[in-house]
Number of protein chains: 2
Amino acid sequence: MSSLTNNELDAPPWLRVESTLMSTARLIREAFDARLKPLDLNLTQASLLAYVAEFGATTQTQLADQLGTGRAAMGTVVDGLEKRDLVERHPDPDDRRVWRIDVTDAGRTLASDIARVDEVLRAELRHGIGREERQALSWVLTRLQVNLQSAINT
Amino acid sequence: MSSLTNNELDAPPWLRVESTLMSTARLIREAFDARLKPLDLNLTQASLLAYVAEFGATTQTQLADQLGTGRAAMGTVVDGLEKRDLVERHPDPDDRRVWRIDVTDAGRTLASDIARVDEVLRAELRHGIGREERQALSWVLTRLQVNLQSAINT
DNA sequence: GCATGATTGTATGACGTCGTACAGTATGTG
DNA sequence: CACATACTGTACGACGTCATACAATCATGC
(Lines give C-alpha, C1' and ligand atoms only; values in the text may rest on other atoms or scores of the structure.)
Protein backbone atom coordinates (compact mmCIF):
# COMPACT_ATOMS: atom_id res chain seq x y z
CA MET A 1 0.00 0.00 0.00
CA SER A 2 2.78 2.40 0.85
CA SER A 3 4.61 1.44 -2.31
CA LEU A 4 2.24 2.60 -5.00
CA THR A 5 4.77 3.80 -7.43
CA ASN A 6 4.86 6.90 -5.23
CA ASN A 7 4.53 9.97 -7.45
CA GLU A 8 1.32 10.77 -5.63
CA LEU A 9 2.22 10.78 -1.99
CA ASP A 10 5.44 12.68 -2.28
CA ALA A 11 4.23 14.63 -5.25
CA PRO A 12 5.06 18.30 -5.43
CA PRO A 13 3.32 19.88 -2.46
CA TRP A 14 1.32 22.14 -4.69
CA LEU A 15 -0.93 19.91 -6.75
CA ARG A 16 -1.88 17.13 -4.37
CA VAL A 17 -5.31 15.69 -4.79
CA GLU A 18 -5.40 17.28 -8.19
CA SER A 19 -2.36 15.43 -9.46
CA THR A 20 -3.62 12.16 -8.03
CA LEU A 21 -6.85 12.74 -9.88
CA MET A 22 -5.10 13.42 -13.12
CA SER A 23 -2.86 10.40 -12.91
CA THR A 24 -5.88 8.29 -12.05
CA ALA A 25 -7.61 9.56 -15.15
CA ARG A 26 -4.58 8.61 -17.18
CA LEU A 27 -4.64 5.13 -15.71
CA ILE A 28 -8.32 4.77 -16.51
CA ARG A 29 -7.70 5.54 -20.14
CA GLU A 30 -4.75 3.20 -20.14
CA ALA A 31 -6.71 0.35 -18.59
CA PHE A 32 -9.63 0.68 -20.97
CA ASP A 33 -7.34 0.98 -23.95
CA ALA A 34 -5.53 -2.17 -22.90
CA ARG A 35 -8.73 -4.15 -22.52
CA LEU A 36 -10.13 -2.81 -25.77
CA LYS A 37 -7.01 -3.60 -27.73
CA PRO A 38 -8.23 -7.09 -28.74
CA LEU A 39 -11.17 -5.35 -30.39
CA ASP A 40 -8.76 -2.96 -32.12
CA LEU A 41 -10.45 0.04 -30.53
CA ASN A 42 -9.41 2.76 -28.19
CA LEU A 43 -11.57 4.30 -25.51
CA THR A 44 -12.80 7.14 -27.68
CA GLN A 45 -13.88 4.89 -30.50
CA ALA A 46 -15.50 2.46 -28.13
CA SER A 47 -17.37 5.25 -26.38
CA LEU A 48 -18.72 6.51 -29.63
CA LEU A 49 -19.77 3.09 -30.78
CA ALA A 50 -21.40 2.24 -27.49
CA TYR A 51 -23.22 5.53 -27.35
CA VAL A 52 -24.64 5.24 -30.83
CA ALA A 53 -25.56 1.62 -30.30
CA GLU A 54 -27.40 2.65 -27.15
CA PHE A 55 -29.13 5.81 -28.24
CA GLY A 56 -29.45 5.42 -31.99
CA ALA A 57 -28.63 7.74 -34.84
CA THR A 58 -26.90 10.80 -33.54
CA THR A 59 -25.44 14.04 -34.81
CA GLN A 60 -21.70 14.52 -34.68
CA THR A 61 -21.99 17.67 -32.62
CA GLN A 62 -24.16 15.82 -30.18
CA LEU A 63 -21.56 13.08 -29.99
CA ALA A 64 -18.82 15.59 -29.44
CA ASP A 65 -20.70 17.13 -26.55
CA GLN A 66 -21.50 13.79 -25.00
CA LEU A 67 -18.05 12.32 -25.26
CA GLY A 68 -16.31 15.51 -24.27
CA THR A 69 -14.23 16.13 -27.34
CA GLY A 70 -14.25 18.69 -30.12
CA ARG A 71 -16.34 18.44 -33.24
CA ALA A 72 -13.31 18.32 -35.47
CA ALA A 73 -11.77 15.43 -33.57
CA MET A 74 -15.10 13.65 -33.60
CA GLY A 75 -15.15 13.87 -37.37
CA THR A 76 -11.92 11.95 -37.70
CA VAL A 77 -13.09 9.31 -35.24
CA VAL A 78 -16.24 8.81 -37.28
CA ASP A 79 -14.12 8.63 -40.42
CA GLY A 80 -12.12 5.78 -38.95
CA LEU A 81 -15.13 3.81 -37.79
CA GLU A 82 -16.91 4.41 -41.06
CA LYS A 83 -13.94 3.07 -42.99
CA ARG A 84 -14.23 -0.11 -40.96
CA ASP A 85 -17.95 -0.34 -41.63
CA LEU A 86 -18.84 -0.04 -37.99
CA VAL A 87 -20.92 3.11 -38.41
CA GLU A 88 -22.66 4.81 -41.32
CA ARG A 89 -23.43 8.40 -42.11
CA HIS A 90 -27.01 8.94 -43.17
CA PRO A 91 -28.24 12.30 -44.39
CA ASP A 92 -30.77 13.92 -42.15
CA PRO A 93 -34.06 14.49 -43.99
CA ASP A 94 -34.77 17.66 -42.04
CA ASP A 95 -31.37 19.30 -41.96
CA ARG A 96 -29.04 18.99 -44.86
CA ARG A 97 -26.05 20.19 -42.87
CA VAL A 98 -25.88 17.27 -40.53
CA TRP A 99 -25.07 13.60 -40.75
CA ARG A 100 -26.86 11.16 -38.58
CA ILE A 101 -24.31 8.63 -37.39
CA ASP A 102 -25.76 5.18 -37.07
CA VAL A 103 -24.23 1.86 -36.19
CA THR A 104 -24.06 -0.99 -38.66
CA ASP A 105 -24.76 -4.61 -37.85
CA ALA A 106 -21.06 -5.28 -37.49
CA GLY A 107 -20.82 -2.28 -35.22
CA ARG A 108 -23.69 -3.50 -33.13
CA THR A 109 -22.11 -6.85 -32.43
CA LEU A 110 -18.85 -5.14 -31.61
CA ALA A 111 -20.72 -2.84 -29.27
CA SER A 112 -21.93 -5.78 -27.25
CA ASP A 113 -18.34 -6.93 -26.95
CA ILE A 114 -17.48 -3.48 -25.71
CA ALA A 115 -20.25 -3.62 -23.15
CA ARG A 116 -18.88 -6.90 -21.87
CA VAL A 117 -15.34 -5.55 -21.59
CA ASP A 118 -16.65 -2.51 -19.81
CA GLU A 119 -18.68 -4.48 -17.33
CA VAL A 120 -15.79 -6.75 -16.45
CA LEU A 121 -13.28 -3.98 -16.02
CA ARG A 122 -15.55 -1.79 -13.95
CA ALA A 123 -16.28 -4.70 -11.67
CA GLU A 124 -12.55 -5.06 -11.09
CA LEU A 125 -12.21 -1.38 -10.38
CA ARG A 126 -14.81 -1.58 -7.65
CA HIS A 127 -12.74 -4.00 -5.58
CA GLY A 128 -12.44 -2.73 -2.05
CA ILE A 129 -14.54 0.35 -2.69
CA GLY A 130 -17.97 0.46 -1.15
CA ARG A 131 -21.09 1.85 -2.69
CA GLU A 132 -21.22 4.86 -0.37
CA GLU A 133 -17.61 5.60 -1.17
CA ARG A 134 -18.33 5.57 -4.85
CA GLN A 135 -21.27 7.84 -4.35
CA ALA A 136 -19.20 10.17 -2.21
CA LEU A 137 -16.53 10.17 -4.90
CA SER A 138 -19.08 11.04 -7.52
CA TRP A 139 -20.48 13.83 -5.41
CA VAL A 140 -17.12 15.40 -4.68
CA LEU A 141 -16.17 15.18 -8.33
CA THR A 142 -19.24 16.98 -9.56
CA ARG A 143 -18.81 19.60 -6.85
CA LEU A 144 -15.20 19.98 -7.97
CA GLN A 145 -16.38 20.42 -11.52
CA VAL A 146 -18.62 23.25 -10.48
CA ASN A 147 -15.71 24.99 -8.78
CA LEU A 148 -13.49 24.34 -11.77
CA GLN A 149 -16.02 25.77 -14.17
CA SER A 150 -16.31 29.00 -12.25
CA ALA A 151 -12.54 29.12 -11.89
CA ILE A 152 -12.15 28.81 -15.64
CA ASN A 153 -14.72 31.51 -16.33
CA THR A 154 -12.85 34.11 -14.33
CA MET B 1 -26.83 21.90 -9.86
CA SER B 2 -28.91 19.81 -12.19
CA SER B 3 -27.70 21.84 -15.15
CA LEU B 4 -24.00 21.18 -15.10
CA THR B 5 -23.46 20.96 -18.75
CA ASN B 6 -24.79 17.47 -18.36
CA ASN B 7 -22.51 15.04 -20.20
CA GLU B 8 -21.76 13.44 -16.85
CA LEU B 9 -25.14 12.64 -15.41
CA ASP B 10 -26.67 11.24 -18.54
CA ALA B 11 -23.40 9.94 -19.79
CA PRO B 12 -23.34 6.59 -21.52
CA PRO B 13 -24.43 4.09 -18.90
CA TRP B 14 -21.18 2.24 -19.14
CA LEU B 15 -18.45 4.61 -17.95
CA ARG B 16 -20.10 6.56 -15.14
CA VAL B 17 -17.83 7.59 -12.33
CA GLU B 18 -14.93 6.93 -14.61
CA SER B 19 -16.03 9.41 -17.22
CA THR B 20 -16.79 12.01 -14.59
CA LEU B 21 -13.31 11.50 -13.28
CA MET B 22 -11.76 11.93 -16.67
CA SER B 23 -13.69 15.05 -17.51
CA THR B 24 -12.76 16.46 -14.12
CA ALA B 25 -9.13 15.82 -14.88
CA ARG B 26 -9.53 17.66 -18.16
CA LEU B 27 -11.08 20.59 -16.36
CA ILE B 28 -8.25 20.67 -13.86
CA ARG B 29 -5.71 20.94 -16.62
CA GLU B 30 -7.82 23.55 -18.31
CA ALA B 31 -8.18 25.64 -15.16
CA PHE B 32 -4.50 25.56 -14.34
CA ASP B 33 -3.54 26.32 -17.91
CA ALA B 34 -5.88 29.31 -17.91
CA ARG B 35 -4.45 30.71 -14.71
CA LEU B 36 -0.89 30.07 -15.80
CA LYS B 37 -1.36 31.71 -19.15
CA PRO B 38 -0.26 35.17 -17.90
CA LEU B 39 3.04 33.54 -17.00
CA ASP B 40 3.21 31.98 -20.46
CA LEU B 41 3.40 28.50 -19.01
CA ASN B 42 1.26 25.42 -19.18
CA LEU B 43 0.70 23.01 -16.35
CA THR B 44 3.49 20.67 -17.33
CA GLN B 45 6.08 23.40 -17.54
CA ALA B 46 4.92 24.95 -14.31
CA SER B 47 5.02 21.60 -12.55
CA LEU B 48 8.55 21.02 -13.69
CA LEU B 49 9.67 24.47 -12.64
CA ALA B 50 8.00 24.25 -9.26
CA TYR B 51 9.40 20.83 -8.61
CA VAL B 52 12.96 21.80 -9.41
CA ALA B 53 12.65 25.03 -7.47
CA GLU B 54 11.45 23.02 -4.49
CA PHE B 55 13.75 20.04 -4.55
CA GLY B 56 16.83 21.32 -6.35
CA ALA B 57 18.84 19.90 -9.21
CA THR B 58 17.12 16.84 -10.59
CA THR B 59 17.61 14.25 -13.26
CA GLN B 60 15.30 14.23 -16.25
CA THR B 61 14.24 10.65 -15.64
CA GLN B 62 13.42 11.56 -12.07
CA LEU B 63 11.35 14.47 -13.32
CA ALA B 64 9.55 12.26 -15.80
CA ASP B 65 8.64 9.82 -13.05
CA GLN B 66 7.50 12.54 -10.71
CA LEU B 67 5.42 14.44 -13.19
CA GLY B 68 4.01 11.34 -14.78
CA THR B 69 5.22 11.78 -18.31
CA GLY B 70 7.72 10.00 -20.52
CA ARG B 71 11.40 10.78 -20.59
CA ALA B 72 11.28 11.83 -24.21
CA ALA B 73 8.53 14.35 -23.60
CA MET B 74 10.35 15.64 -20.57
CA GLY B 75 13.36 16.36 -22.73
CA THR B 76 11.41 18.71 -24.96
CA VAL B 77 9.86 20.46 -21.97
CA VAL B 78 13.31 21.06 -20.55
CA ASP B 79 14.44 22.29 -23.95
CA GLY B 80 11.73 24.91 -23.96
CA LEU B 81 12.39 26.12 -20.45
CA GLU B 82 16.12 26.14 -21.06
CA LYS B 83 15.64 28.29 -24.15
CA ARG B 84 13.83 30.82 -21.97
CA ASP B 85 16.61 30.71 -19.40
CA LEU B 86 14.36 29.39 -16.69
CA VAL B 87 16.34 26.22 -16.10
CA GLU B 88 19.88 25.09 -16.83
CA ARG B 89 21.41 21.74 -17.60
CA HIS B 90 24.48 21.02 -15.53
CA PRO B 91 26.61 17.95 -16.09
CA ASP B 92 26.60 15.53 -13.22
CA PRO B 93 30.12 15.02 -11.84
CA ASP B 94 29.40 11.41 -10.92
CA ASP B 95 27.45 10.23 -13.95
CA ARG B 96 28.27 11.52 -17.38
CA ARG B 97 25.03 10.24 -18.86
CA VAL B 98 22.74 12.51 -16.94
CA TRP B 99 21.97 16.20 -16.83
CA ARG B 100 21.10 17.77 -13.57
CA ILE B 101 18.30 20.24 -14.26
CA ASP B 102 18.51 23.29 -12.07
CA VAL B 103 16.46 26.44 -11.91
CA THR B 104 17.95 29.82 -12.77
CA ASP B 105 17.29 33.00 -10.83
CA ALA B 106 14.64 34.01 -13.35
CA GLY B 107 13.10 30.60 -13.01
CA ARG B 108 13.08 30.90 -9.25
CA THR B 109 11.15 34.13 -9.23
CA LEU B 110 8.73 32.68 -11.75
CA ALA B 111 8.35 29.64 -9.53
CA SER B 112 7.14 31.82 -6.69
CA ASP B 113 4.54 33.29 -9.02
CA ILE B 114 3.50 29.76 -9.86
CA ALA B 115 3.18 28.89 -6.20
CA ARG B 116 0.93 31.89 -5.70
CA VAL B 117 -1.30 30.97 -8.64
CA ASP B 118 -1.48 27.43 -7.38
CA GLU B 119 -2.40 28.44 -3.87
CA VAL B 120 -5.17 30.75 -5.03
CA LEU B 121 -6.69 28.29 -7.46
CA ARG B 122 -6.62 25.38 -5.07
CA ALA B 123 -8.32 27.47 -2.45
CA GLU B 124 -11.12 28.14 -4.92
CA LEU B 125 -11.39 24.47 -5.74
CA ARG B 126 -11.95 23.65 -2.07
CA HIS B 127 -15.14 25.68 -1.88
CA GLY B 128 -17.91 23.60 -0.41
CA ILE B 129 -15.72 20.53 0.05
CA GLY B 130 -14.77 19.61 3.57
CA ARG B 131 -11.46 18.27 4.75
CA GLU B 132 -12.80 14.79 5.41
CA GLU B 133 -14.33 14.74 1.96
CA ARG B 134 -11.03 15.63 0.40
CA GLN B 135 -9.32 12.93 2.38
CA ALA B 136 -11.96 10.43 1.39
CA LEU B 137 -11.52 11.46 -2.22
CA SER B 138 -7.80 10.99 -1.97
CA TRP B 139 -8.22 7.58 -0.39
CA VAL B 140 -10.67 6.32 -2.99
CA LEU B 141 -8.44 7.59 -5.76
CA THR B 142 -5.36 5.78 -4.54
CA ARG B 143 -7.40 2.65 -4.02
CA LEU B 144 -8.70 3.02 -7.55
CA GLN B 145 -5.16 3.37 -8.78
CA VAL B 146 -4.23 0.09 -7.17
CA ASN B 147 -7.13 -1.63 -8.92
CA LEU B 148 -6.24 0.05 -12.18
CA GLN B 149 -2.65 -1.03 -11.95
CA SER B 150 -3.55 -4.66 -11.47
CA ALA B 151 -6.13 -4.39 -14.22
CA ILE B 152 -3.49 -3.08 -16.59
CA ASN B 153 -1.03 -5.80 -15.69
CA THR B 154 -3.41 -8.56 -16.69
C1' DG C 1 -38.73 37.12 -49.93
C1' DC C 2 -34.47 38.39 -48.13
C1' DA C 3 -30.76 39.87 -45.25
C1' DT C 4 -28.46 38.73 -40.88
C1' DG C 5 -26.72 35.76 -37.62
C1' DA C 6 -26.20 31.04 -35.82
C1' DT C 7 -24.99 26.26 -36.50
C1' DT C 8 -22.95 21.93 -38.76
C1' DG C 9 -19.26 19.46 -40.55
C1' DT C 10 -14.66 19.78 -42.64
C1' DA C 11 -9.80 21.18 -43.77
C1' DT C 12 -5.70 22.68 -42.04
C1' DG C 13 -1.89 23.58 -39.10
C1' DA C 14 -0.18 23.27 -34.48
C1' DC C 15 0.78 21.28 -30.09
C1' DG C 16 1.74 17.82 -26.53
C1' DT C 17 2.54 13.25 -25.67
C1' DC C 18 3.91 8.53 -26.71
C1' DG C 19 6.70 4.50 -28.38
C1' DT C 20 10.61 2.88 -30.38
C1' DA C 21 15.24 2.78 -31.49
C1' DC C 22 19.74 4.43 -30.67
C1' DA C 23 24.47 5.92 -28.83
C1' DG C 24 26.84 6.89 -24.72
C1' DT C 25 27.71 5.58 -20.08
C1' DA C 26 27.40 3.01 -15.74
C1' DT C 27 27.09 -1.24 -13.06
C1' DG C 28 27.60 -5.95 -12.02
C1' DT C 29 29.67 -10.70 -13.08
C1' DG C 30 32.93 -13.84 -14.67
C1' DC D 1 40.23 -7.01 -17.11
C1' DA D 2 36.45 -8.18 -20.40
C1' DC D 3 31.88 -8.80 -20.99
C1' DA D 4 26.90 -8.53 -20.54
C1' DT D 5 23.18 -6.02 -18.75
C1' DA D 6 20.85 -1.86 -17.30
C1' DC D 7 20.12 2.90 -17.55
C1' DT D 8 20.10 8.03 -19.43
C1' DG D 9 18.98 11.30 -22.69
C1' DT D 10 17.84 12.15 -27.59
C1' DA D 11 15.95 11.63 -32.43
C1' DC D 12 12.30 10.36 -35.01
C1' DG D 13 7.77 9.12 -36.51
C1' DA D 14 3.03 8.53 -35.10
C1' DC D 15 -1.21 9.50 -32.84
C1' DG D 16 -4.98 12.11 -30.71
C1' DT D 17 -6.64 16.39 -29.76
C1' DC D 18 -7.26 21.34 -30.35
C1' DA D 19 -8.16 26.07 -32.51
C1' DT D 20 -9.15 28.44 -36.28
C1' DA D 21 -11.12 29.40 -40.57
C1' DC D 22 -14.34 28.15 -44.01
C1' DA D 23 -18.47 26.77 -47.02
C1' DA D 24 -22.96 25.08 -46.70
C1' DT D 25 -27.22 25.29 -44.50
C1' DC D 26 -30.70 26.68 -41.19
C1' DA D 27 -33.41 30.10 -38.41
C1' DT D 28 -35.02 34.62 -37.33
C1' DG D 29 -36.02 39.32 -38.09
C1' DC D 30 -38.03 42.75 -41.02
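In what follows, chains carry the letters A, B, and so on, assigned in the order in which the sequence lines appear, proteins first and then strands, with residues in each chain numbered from 1. In what follows, every heavy atom counts, from backbone to side chain, and hydrogens, waters and symmetry copies are set aside. These numbers were taken from a predicted model, which means no experiment stands behind them.
- In this structure, B:M74 atom CE and D:dT10 atom P are separated by 12 Å, rounded to whole Å.
- For B:R71 and D:dA6, the CZ to P distance is 14 Å, given to the nearest whole Å.
- Note that the CG atom of B:L125 and the CG atom of A:L148 stand 5.0 Å from one another [nearest 0.5 Å].
- To the nearest 0.5 Å, atom CZ of residue A:R134 and atom CD of residue A:E132 are 8.5 Å apart.
- Distances from the side chain of B:R29 to the nucleotides D:dG9, C:dT17, C:dG19 place C:dT17 closest.
- Under the 3.5 Å distance criterion, with hydrogens and angles disregarded, no donor-acceptor pair is assigned to the side chains of B:E88 and B:T104.
- Map A:W99 and B:G70 each onto its nearest nucleotide of DNA chain C; the residue landing nearer the 5' end is A:W99.
- Across the protein-nucleic acid pair, B:D94 atom CG and C:dG24 atom C1' stand 17 Å apart, rounded to whole Å.
- For the OP1/OP2 pair of D:dG9 and a distance below 4.0 Å, the side-chain nitrogens and oxygens of B:T61 include at least one atom meeting the criterion.
- For residues 101-113 of chain B, the salt bridge (charged side-chain N to carboxylate O under 4.0 Å, His left out) pairs, not counting sequence neighbours, are B:D113-B:R116.
- In this structure, B:D92 does not pair ionically with B:R96, as no charged nitrogen and carboxylate oxygen lie closer than 4.0 Å.
- Following rounding to the nearest Å, A:D40 (CG) and D:dC15 (P) show an atom-to-atom distance of 12 Å.
- Against DNA chain D, the stretch residues 76-93 of chain A makes no heavy-atom approach under 4.0 Å.
- When hydrophobic clusters are built by joining Ile, Leu, Val, Met, Phe, Trp and Tyr residues whose side-chain heavy atoms come closer than 4.5 Å, directly or via intermediates, B:V103 is grouped together with B:L36.
- Here the side chain of B:R26 is nearest to one of D:dC18, C:dC18, D:dT25, namely D:dC18.
- Atom-to-atom, CG of B:L43 to P of C:dG16 comes out at 12 Å; the value is rounded to the nearest Å.
- Contact of B:R97 with D:dG9 (side chain to base): no donor-acceptor pair of N or O atoms is detected under 3.5 Å.
- Per the geometry, CD belonging to A:E30 stands 15 Å off P belonging to D:dG16, to the nearest Å.
- For A:T44 and D:dG16, the shortest distance from a side-chain N or O to OP1 or OP2 is not below 4.0 Å.
- Atom pair A:L63:CG and C:dT8:P shows a separation of 12 Å (rounding to whole Å applied).
- Looking at the side chain of A:Q60, the nearest of the listed nucleotides C:dT10, D:dC26, D:dT8 is C:dT10.
- Between C:dT8, D:dT25, C:dT17, one nucleotide has an atom nearer to the side chain of A:R96 than all others, and that is D:dT25.
- One distance of note links CD1 of B:I28 with CZ of B:R26; it measures 12.0 Å at 0.5 Å rounding.
- Here D:dT10 is the nucleotide among D:dG9, C:dT8, D:dT10 with the atom lying nearest to any side-chain atom of B:A72.
- In this structure, OG on B:S19 lies 9.5 Å from CD on A:Q66, to the nearest 0.5 angstrom.
- With rounding to whole Å, A:R100 atom CZ is found 14 Å from C:dG9 atom C1'.
- Comparing C:dT25, C:dG19, D:dG9 by their closest approach to the side chain of B:D95 singles out C:dT25.
- The phosphate of C:dC18 has OP1 or OP2 within less than 4.0 Å of a side-chain N or O from B:T69.
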